[in-house]
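Any value given below was found using the heavy atoms of this structure, including those in side chains, with hydrogens, waters and symmetry copies removed.
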Amino acid sequence: MSDDTYDDRKMPLLDHLIELRNRMLWSIGALVVGFLICFYFAEPLFNFLVDPLADILQRRGLDQGYRRMIFTDLTEVFFTYIKVAFFFGAFITCPVFLTQFWMFLAPGLYRHEKKALAPFLIASPVLFFLGGALVYWAIFPLAWEFFLSFETSGTGGGLPIQLEAKVNEYLGLVMKLIFAFGLCFQLPVVMTLMARVGLATSEGMRRKRKYAIVGVFIAAAIFTPPDPLSQISLAVPIILLYEISIWMARLTERKRAEAEAETEREIDEE
C-alpha cells in the first residue's frame, strides 16, 4: 500500500456532521469539567498570577497593610475568578480539544499528511506554554518593577502616589501579556506550515530577515511595557524562533524534494 493511501471508509455528509457534533461535545464537556475544577481552585490560581507583583512589593519593603488589591464593584472578584477558571481550564483541556480535532480530521488525510500535521498539534501548545512561562518568570518581574518605580513617597508636602491595583484590571493585563507571548511563540509552527504549502520559502525568509527583525522589535514595543529590558526579553526569543523557522522550512523543503523525487522514480519504474 502506498504512503498516499488514506482511510477509505466513505461517510455521507450527515454522518460527518454528527461526528463533528460529537467531537465538539467531548471538547466542550472537557472544558466544562476543567472550568469547574479550576473554579474550585480559583483563589490560589489568582494568587499564583499575583505572586510576581506581591514579591516585588515585599522586596520594596512595604508594610503588610499596603500589600493589597482592591475591587470597586461587588461582582468584580466573582467574575474575575470565573475568568481565571476559564483561562486555566482552557489551557489544561487543550490536549483534549486537539485530540478530538485530530480524531475528526485524521480519517480524511493521506498518511504523509498525518505525519506532517501531527508534530504541529503537539508543538503548538508546548510553544504557547513556553511563551507564557517566559512572560511569567522573566517579563512580569521586570515590568512590574518598572511601573512601581513611578510611586512617590509624597515628601516635600506633596501627596504620595502608591499602587492599589484593581483585581480585574490586573488580570486583564496579565492575560493580555500571556496571550501575546504565547501567540508570538507560534511563529515556527506558522512559518513551517506555510513552507509546507508553498506560501513561504527558507530563502525568502532569509532575504527578509532584516525586515522581520525590525517588525519583531515593533511588536515587542507594542506588547510589552515601555522599558528596554522587557522589549529585548520578548524580541530576542522571537528572533531565535524566526531563525528556527528558517531551519525548519529548509528541512521541510528538503523532505518535499525527496518525496517528489521518489514519486517520479516510482512513475518511471512503472
Show the nearest heavy-atom pair for residues [X] and [Y], with the distance to one decimal.
X      : Y      : answer
Leu159 : Thr152 : O-OG1, 4.0 Å
Ser245 : Pro188 : OG-CA, 3.0 Å
Ile238 : Leu187 : O-CD2, 3.9 Å

Find out whether [X] and [Y] are in side-chain contact, i.e. whether some heavy atom of one side chain is under 4.5 Å from a heavy atom of the other.
X      : Y      : value
Met175 : Leu173 : no
Met248 : Met191 : no
Leu36  : Tyr40  : no
Leu251 : Trp247 : yes
Ile213 : Tyr242 : no

*Under the 3.5 angstrom rule, does the side chain of Thr201 hit a backbone N or O of Gly204 as a donor-acceptor pair?*
yes
_Expected output: side-chain Ser124 to main-chain Phe120 donor-acceptor under 3.5 Å_ = no
*For the ring pair Tyr136 and Phe48, is the centre-to-centre distance below 6.0 Å?*
yes
_For Tyr81 and Phe41, I'd like to know if the aromatic rings sit close, meaning centre-to-centre distance below 6.0 Å._
no
*asked:* With a 6.0 Å cut-off (strictly less than), is the heavy-atom count around CD1 of Ile70, excluding the residue itself, greater than 12?
replied: yes
*In terms of heavy-atom contacts, does CZ of Phe97 have more than 12 from other residues, nucleotides or ligands at under 6.0 Å?*
no
_Set out, in order, the CA-CA distance, both residues' side-chain angles and the distance that settles salt bridge (Lys or Arg N to Asp or Glu O under 4.0 Å) for Glu203 and Arg250, then state yes or no._
CA-CA 8 Å; Glu203 182 60 30; Arg250 187 186 306 120; over 6 Å; no
_Derivation and outcome, side-chain contact (heavy atoms from CB on, under 4.5 Å), residues Leu57 and Trp144_ = CA-CA 9 Å; Leu57 290 175; Trp144 301 169; over 6 Å; no
